[in-house]
Amino acid sequence: MSGRAPYYITTPIYYVNDAPHVGHAYTTIACDVLARFKRLDGFDVKFLTGTDEHGQKVQKSAENFGTTPQALADKNSQNFRDLAALLNISNTDFIRTTEPRHIKAVQAVWQKLLDNGDIYLGSYKGWYSVRDEAYYGEDELTERNGQRFAPTGAPVEWVEEPSYFFKLASYGEKLLKLYEEQPDFIMPSGKRSEVISFVKTGLRDLSVSRTTFDWGVKVPGDEKHVMYVWLDALVNYITAIGYPETGEGTDFARYWPADLHMVGKDILRFHTVYWPAFLMAAGLPLPRRVFAHGWWTVEGEKMSKSLGNVVKPQELLDTYGLDQTRYFLLREIPFGNDGDFSKRAMMQRINGELANDYGNLCQRVLSMIQKYHEGKVPQPDALTDADNTLLGAAAGMLDSVRAELNNQAFNKALDAIWRVVGDANRYVDEMAPWTLRKTDQVRLGTVLYNLADVIRQLAIMTQPFMPDSSARILDQLVIPADQRGFGDLLTAKLVPGTPLPAPQPAFPRYVAPEAEETK
RNA sequence: GGCACUGUAGCUCAGCGGUAGAGCAGGGGACUCAUAAGCCCUUGGUCGCGUGUUCAAAUCACGCCAGUGCCA
């Protein structure tokens, strides 16, 4: 019952058939940064991630492994839970589509769609790819050695079975109206255009049940059918906030509609066409935004199992460190674009921006306080224009970062913070405390105080991106745990006279192993 | 095949009607508090190609070439 405004953000639920890789880490970290930012900015944040566990693929994998789908799901779901812990993710819930709460929610949604007249029993005939969990038209397929393949390269099989259909075709106009009236519903804008042109070509009714396997949520009243995995999966976003309980005082009432569904560009259509259509049919409000981010290549090449260049999150953390990895992923490319992960780029970011710019700024200032001021926070005196310019830049940081993050522009947000890092480094050189030390003790105290306080503000601002490292910097400034929010930026200034510990470098330089010799 | 988007310094990109910009990389310098970091200066581009509109075009229009995405 706080007065704080709610903010609800979700990652996709990850398919238990996949092994966690850097792509999963990327999506989740991006959401984590936003969740942490919103919390520090005073919001009551609900942050959901989890796993998608039903479907024919999982059933088949389980058979191959000689185990049950549930056992496979249990094991692989844990991998994603571990990943979140490894990445220091601050999710408030972790949903699994095999949980009773979810099955109850999905069946309730189904009933709503049925009551609304949007589901009918028909029969499905066509080509289906188990691997893609998708249907294809005859004209989309290619044939090799008697086997037909989808454009994705996945084999397809002829399926002919009774199936329930969702009247997606009748939602085309409503969806186009949604994209029109809520231009930020799909971001980035290029992706929005793609979805609009897709919907404009006309939608077909969607087969939403299958009878050829049974690893899924049963259709109420017709248990030969299990629901289409995407109908099942998408509902997770409302399961987690207690659907079908939607009355006053429920989590649903408080947190829905979601502020942001973060997705990879491969599942954009499901989230911007099917999902809003389902919600409309169920009479529920629509999420405020779906943001589709891009893919990472590795050293210029597409990540793939066959190339053997799939980047495992654990390897990145072992090599570069958690906060360094979090920083790199969000700093290197404009969010929404594809990006390339290269050792060289990683090293340049870590050494150039973290170690040299930011880390060294902290180290040089704290060292001077240690040497010139007996390790105690100095007493500031009258401010000069130069002081006010620096302090003004720091004071403007929050607004800039907030504005950028409201558009998921992580790289620009970091850029805004680093402009102040640069200002502070220049200020050190211009003020030359090592000279003031011999000429003007009062001025020296003011300069060092300003710098230390700007570092305090910088560290508060970098918390969402690099929680551990930022905390270490704040610890070195002896900032109490309850004075690290954005509300404290300008009000909880450093207290002169506070003794500070001996400084420790916040971001070590990355030195490549000897392997470089092969060049 | 259709519809989009992109093509600007070695690299990544910003600029989107008024005589080319940033970061990184490269070169030089002054300093010394610091993680041999930081600071200052600097080399570098016929803005994919062509035609057109305009007093004036990376910037608008058309065509072409190259790449990418979505759809078929």
Side-chain angles (χ1 to χ4, degrees), chain A residues 134 136-142 150-152 186 188-204 264-269 272-273 292-295 297 299-300 302 321 324 328 331-373 375 378 386 409 411-412 414-416 418-419 421-438 444 447-448 451-452 455 469 472-473 476 502-511:
Chain A
Y136 292 95
E138 182 79 44
D139 51 349
E140 297 180 69
L141 306 175
T142 53
T152 56
I186 304 170
S189 64
K191 290 286 182 283
R192 172 175 179 263
S193 307
E194 287 178 7
V195 172
I196 289 174
S197 69
F198 169 73
V199 172
K200 276 187 175 163
T201 63
L203 298 171
R204 284 180 297 187
K265 62 182 182 178
D266 55 324
I267 55 174
L268 182 64
R269 188 199 298 179
T272 56
V273 180
H293 69 245
W295 292 140
T297 53
E299 306 290 347
K302 205 169 169 179
Q324 285 83 351
F328 177 82
R331 178 65 187 86
E332 180 67 4
I333 55 168
F335 200 65
N337 289 12
D338 288 347
D340 184 55
F341 194 103
S342 70
K343 288 185 169 143
R344 179 184 158 79
M346 185 86 189
M347 216 161 97
Q348 280 182 359
R349 294 289 181 192
I350 290 178
N351 290 345
E353 293 169 10
L354 292 180
N356 296 353
D357 292 342
Y358 186 27
N360 186 55
L361 170 68
C362 300
Q363 188 68 10
R364 67 198 300 211
V365 169
L366 292 173
S367 293
M368 284 190 278
I369 289 176
Q370 207 62 223
K371 284 189 181 176
Y372 303 163
H373 259 274
N411 64 322
K412 289 187 184 173
L414 285 167
D415 206 56
W418 255 254
R419 276 199 294 275
V421 171
D423 290 341
N425 270 321
R426 273 184 290 279
Y427 178 86
V428 174
D429 282 80
E430 282 160 16
M431 297 303 125
W434 47 91
T435 305
L436 289 175
R437 171 198 188 187
K438 301 167 194 159
L444 174 67
V447 166
L448 291 181
L451 282 166
I455 289 170
S469 311
R472 278 197 296 274
I473 295 169
Q476 293 195 35
Q504 296 291 324
F507 299 99
R509 289 179 65 78
Y510 174 76
V511 181

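Here is how names work: the chains are called A, B, and so on, in the same order as the sequence lines, proteins then strands, and each is numbered from 1. Because the structure is a prediction, the values reported are computed rather than measured.
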| task | Begin from the C-alpha positions of A/Lys412 and A/Phe335 and carry the test side chain to side chain contact (heavy atoms under 4.5 Å, CB included) through to its verdict. | result | CA-CA 9 Å; A/Lys412 289 187 184 173; A/Phe335 200 65; over 6 Å; no
For side chain to side chain contact (heavy atoms under 4.5 Å, CB included), just list the numbers for A/Phe507 and A/Asn351, CA-CA rounded to whole Å, side-chain angles, deciding distance to a tenth of an Å, and then say yes or no. CA-CA 8 Å; A/Phe507 299 99; A/Asn351 290 345; over 6 Å; no
Using the rule given for salt bridge (charged side-chain N to carboxylate O under 4.0 Å, His left out), can you reason through A/Lys302 versus A/Asp338, listing the C-alpha separation, both sets of side-chain angles and the distance that settles it, and then say yes or no? CA-CA 11 Å; A/Lys302 205 169 169 179; A/Asp338 288 347; over 6 Å; no
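Rounded to the nearest 0.5 angstrom, A/Met431 CE and A/Arg426 CZ are separated by 12.5 Å. Taken to the nearest 0.5 Å, the CG atom of A/Leu444 stands 8.0 Å off from the OH atom of A/Tyr372. Note that the OH atom of A/Tyr510 and the CD atom of A/Gln324 stand 11.0 Å from one another [nearest 0.5 Å]. Residue A/Leu354 holds its CG atom at 12.0 Å from CG of A/Asn360, rounded to the nearest 0.5 Å. Taken to the nearest 0.5 Å, the NE2 atom of A/His373 stands 10.5 Å off from the CZ atom of A/Arg437.
Across all strands, A/Pro433 comes closer than 4.0 Å to no nucleic acid atom at all (heavy-atom distances). Looking at heavy-atom distances under 4.0 Å, A/Gln363 makes contact with a base. Residue-level contact check: A/Arg269 touches the backbone only, with heavy atoms under 4.0 Å from sugar-phosphate atoms and none from bases. Residue A/Asp415 is classed as having no contact, given no heavy-atom separation below 4.0 Å to the nucleic acid. Among the heavy atoms of the strands lying under 4.0 Å from A/Lys371 are primed sugar atoms or P, OP1, OP2 only; no base atom is included. Within the nucleic acid shown, A/Tyr372 comes within 4.0 Å of sugar-phosphate atoms alone, with no base atom in reach, counting heavy atoms only. Within 4.0 Å (heavy atoms only), A/Ala345 reaches no atom of the nucleic acid at all.
RNA chain B is contacted by both A/Gln504 and A/Thr435; A/Thr435 maps to the nucleotide lying nearer its 5′ end (nearest heavy atom per residue). Ranked by how close their nearest RNA chain B nucleotide is to the 5' end, A/Glu353 and A/Ser367 are led by A/Glu353.
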List, with names and distances, any nitrogen or oxygen atoms from the protein found under 3.5 Å away from nitrogen or oxygen atoms belonging to nucleotides 4-13 of chain B.
none

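Residue side chain A/Asn360 does not reach the base of B/G38 through any donor-acceptor N/O pair under 3.5 Å, judged by distance alone. Residue A/Asn356 places no side-chain atom within donor-acceptor reach of the base of B/A37, judged by atom type and a 3.5 Å distance cut-off alone.
Spacing of P atoms, B/C24 relative to B/A37, comes out at 13 Å, to the nearest Å. Nucleotides B/G67 and B/G29 are separated by 42 Å at their C1' atoms, to the nearest Å. The gap from the C1' atom of B/G45 to that of B/C39 amounts to 27 Å, rounded to the nearest Å. Taking atom P on both B/A4 and B/U43, the two are 42 Å apart, rounded to the nearest angstrom. If you take atom P in B/G15 and the same atom in B/U6, they sit 10 Å apart, rounded to whole Å. Rounded to a whole angstrom, the distance from the P atom of B/G52 to that of B/U59 is 15 Å. B/G27 and B/U19 have their P atoms separated by 33 Å, with the value rounded to a whole Å. On the P atoms, B/G38 is 40 Å away from B/C5, given to the nearest whole Å.
For the pair A/Met346 CE and B/C24 C1', the interatomic distance rounds to 16 Å; values are reported in whole Å. A/Trp434 has its CH2 atom 10 Å from the P atom of B/A34, to the nearest Å. In this structure, CE of A/Met431 is placed 15 Å from C1' of B/C40, rounded to the nearest angstrom. Rounded to a whole Å, the CD atom of A/Glu430 is 10 Å from the P atom of B/C39. The interatomic distance linking A/Asp266 (CG) with B/C70 (C1') rounds to 14 Å, in whole Å. A/Leu203 has its CG atom 15 Å from the C1' atom of B/A72, to the nearest Å. When the P atom of B/U68 is taken as reference, atom NZ of A/Lys302 falls 11 Å away, rounded to whole Å. For A/Leu436 and B/C31, the CG to C1' distance is 14 Å, given to the nearest whole Å.
Distances were taken from every side-chain heavy atom of A/Met368 (C-beta onward) to each of B/C33, B/C24, B/U35; the shortest belongs to B/C33. When distances run from any side-chain atom of A/Thr201 to the nucleotides B/C40, B/C71, B/U35, the shortest one goes to B/C71. Listed nucleotides B/G38, B/A37, B/C33 differ in distance to A/Arg509; the shortest reach to its side chain belongs to B/A37.
Annotation for A/Gln504: atom CD does not count as buried by contact number, only 12 or fewer foreign heavy atoms lying within 6.0 Å.
Base orientation of B/A58: syn (glycosidic angle within 90° of 0).
For A/Asp423 and A/Arg419, the salt-bridge test fails: no basic side-chain N is under 4.0 Å from an acidic carboxylate O.
Taking all atoms of both residues into account, the shortest heavy-atom contact from A/Trp418 to A/Glu353 is NE1-O, 3.1 Å. Across all their heavy atoms, A/Ala424 and A/Leu361 have their closest contact at CB-CD2, 3.7 Å.
In RNA chain B, runs of at least 3 stacked Watson-Crick or G-U pairs (N1-N3 plus N6-O4 or O6-N4, or N1-O2 plus O6-N3, all under 3.5 Å) give these stems: B:1-7 with B:65-71, B:10-13 with B:21-24, B:26-29 with B:39-42, B:48-52 with B:60-64.
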